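Given the structure is predicted, the values throughout are model-derived calculations rather than measurements. Chain letters run A, B, ... following the sequence lines, proteins first, then strands; residues in each count from 1.
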Protein chains: 2
Amino acid sequence: MAKKPSARAPLDQFDRAILRILQTDNKTPQRSIAESVNLSTAAVQRRVAALEATGVISRNVAVVDPDAVAMSITAIVEVYLRDERSATVDAAKAAFRKTPEVQQCYYVTGGTSFVLIVVTRDMRSYESFTRKVFEENDSVNNYRTLVVIDRVKTDTQIPIQE
Amino acid sequence: MAKKPSARAPLDQFDRAILRILQTDNKTPQRSIAESVNLSTAAVQRRVAALEATGVISRNVAVVDPDAVAMSITAIVEVYLRDERSATVDAAKAAFRKTPEVQQCYYVTGGTSFVLIVVTRDMRSYESFTRKVFEENDSVNNYRTLVVIDRVKTDTQIPIQE
DNA sequence: AATGAAAAACTACACTA
DNA sequence: TAGTGTAGTTTTTCATT
């Protein structure tokens, strides 16, 4: 839907207020957003469209409960690459990006190369995932798994200031 | 708003197909969902309502690009508690849950107690965050910060099988 | 599964800071 | 000129049969 790198329209108070609402529930009718922020529905409509067009809102999604679809293992994995040459790193990024079990992937400082959040059906499929993605991958030197006991907070919400 | 009365209606192929679509774009009209999965719009409508009512779809949200709202630091933090007594752990969970900079929080196995994903405006505000949340908190024994260089993948998408 | 009513999203245009 | 509000049009959602 929305994919536009940068059209820097600086966000004002109205935009921020709208974002705060949509981040919580993007099905909120424009009419009630308009009430909350004291604008007309048309103004809200235009602002939302602009926020989507410029990529401030990157996607509109339904959040699915992993348990409900029988994906009961969530793991956080620190991955250490064999080296940090850009070709090696880029190849790893591309691989992680297209692996469906990898829900999130961050490239980080501090010795660890990557932190992944991995979701699988059960422990057996987690094991076969590690074999496929780490052990059969030469550029992965080592990895450390932290199994999630409790998903305490998973809101992908950004604190929007002022 | 989504509840979670855990009414286990086992998901069939249609439900899964619908979820895959809504996880990508929850603004997709029911009419085009109906086309994709070969159901009537009414059937799609009923199924979506049921998925929301039973908490399989927990929320409907807009995803905001952190850079666009000038939140440029993302950090992954491993937190080690002083002890693992349930009172200590529960207090920490509650604290992290209500701290806005803590975007995600996982309670994990393997020595580390928690893994947090923290979003702040800049390094200075990250430092003041650590002071406030970790250093002035007796039950936090130690913590290790991994600063995110590249948010390679942040889809909060669950792989839905079959 | 199809129809129709209600609601929401979107568009056009005149107005204002 | 950029942005708003009013009002009218289209699309989507939802209830009824």
Side-chain angles (χ1 to χ4, degrees), chain A residues 1-65 68-69 157 160-162, chain B residues 1-5 7 9-65 67-70 157 160:
Chain A
M1 240 184 150
K3 214 155 195 205
K4 221 190 245 174
S6 60
R8 308 255 137 248
L11 305 181
D12 62 13
Q13 292 298 78
F14 289 119
D15 289 324
R16 282 195 268 266
I18 291 169
L19 286 176
R20 265 184 233 110
I21 294 169
L22 294 181
Q23 239 185 344
T24 306
D25 180 4
N26 74 348
K27 292 291 222 307
T28 311
Q30 296 179 341
R31 181 172 152 286
S32 66
I33 299 174
E35 261 173 42
S36 305
V37 304
N38 288 316
L39 279 178
S40 70
T41 58
V44 172
Q45 146 72 25
R46 279 188 294 258
R47 281 165 180 270
V48 172
L51 291 168
E52 285 174 349
T54 56
V56 176
I57 293 174
S58 56
R59 317 202 319 280
N60 283 288
V61 302
V63 179
V64 173
D65 176 12
V69 290
Q157 224 151 316
I160 295 176
Q161 298 202 324
E162 228 117 320
Chain B
M1 299 314 215
K3 327 201 111 195
K4 211 180 168 180
L11 305 182
D12 62 12
Q13 291 298 77
F14 290 118
D15 289 324
R16 282 196 265 269
I18 291 169
L19 285 176
R20 265 183 235 111
I21 293 169
L22 294 180
Q23 239 185 346
T24 305
D25 180 5
N26 75 346
K27 293 292 223 307
T28 312
Q30 298 176 342
R31 178 177 44 76
S32 66
I33 299 174
E35 261 173 42
S36 304
V37 304
N38 288 317
L39 279 178
S40 69
T41 59
V44 172
Q45 178 189 318
R46 252 178 287 115
R47 281 166 182 270
V48 172
L51 290 168
E52 284 175 351
T54 56
V56 176
I57 293 175
S58 57
R59 311 187 2 250
N60 284 288
V61 301
V63 179
V64 173
D65 175 11
D67 291 330
V69 290
Q157 226 151 314
I160 296 176

Checklist entry - Does the side chain of Q23(B) come under 3.5 Å of the side chain of Q157(B) through a donor N or O and an acceptor N or O? => result no
Checklist entry - Which heavy atom of R59(B) sits nearest a heavy atom of T24(A), and at what distance? => result NE-O, 4.2 Å
Next on the checklist: So, does R31(A) get its side chain near the phosphate of dA8(C), meaning an N or O under 4.0 Å from OP1 or OP2?
Outcome noted: no
Item to check | Distance, rounded to the nearest Å, where R47(A) contributes CZ and dG5(D) contributes P | outcome: 9 Å
Checklist entry - Mapping A43(A) and K27(A) to their closest nucleotides on DNA chain D, which lands nearer the 5' end? => result A43(A)
Item to check | Atom-pair distance (CG on N26(B); P on dT12(D)), nearest Å | outcome: 15 Å
Next on the checklist: Whole angstroms only, please: what is the CD-C1' distance between Q30(A) and dT10(D)?
Outcome noted: 14 Å
Item to check | Pairwise side-chain contact, E52(B) with V48(B), heavy-atom cut-off 4.5 Å (strictly under) | outcome: yes
Item to check | Length of the line joining N60(A):CG and dT12(D):P, which is rounded to integer Å | outcome: 15 Å
Checklist entry - Within this structure, what is the CD1-to-P distance between I33(A) and dG5(D), rounded to whole angstrom? => result 14 Å
Item to check | Gap between atoms CG and C1', on D15(A) and dA2(D) respectively (whole Å) | outcome: 14 Å
Next on the checklist: For dG5(D), does the base pair up with any side-chain atom of R46(A) as donor and acceptor (N or O, under 3.5 Å, distance only)?
Outcome noted: yes
Checklist entry - A42(A) near the nucleic acid: base, sugar-phosphate alone, or nothing, with a heavy-atom cut-off under 4.0 Å? => result base
Next on the checklist: Measuring from atom CD1 of I33(A) to atom CD1 of I18(A), what distance do you get when rounded to the nearest 0.5 angstrom?
Outcome noted: 6.5 Å
Checklist outcome for this item: Q13(A) CD to dG3(D) P, in whole Å, measures 16 Å
Item to check | N or O in side chain of Q45(B) less than 4.0 angstrom from dC14(D) OP1/OP2 | outcome: no
Checklist entry - Between atom CG in L39(A) and atom P in dT6(D), what is the gap in whole Å? => result 11 Å
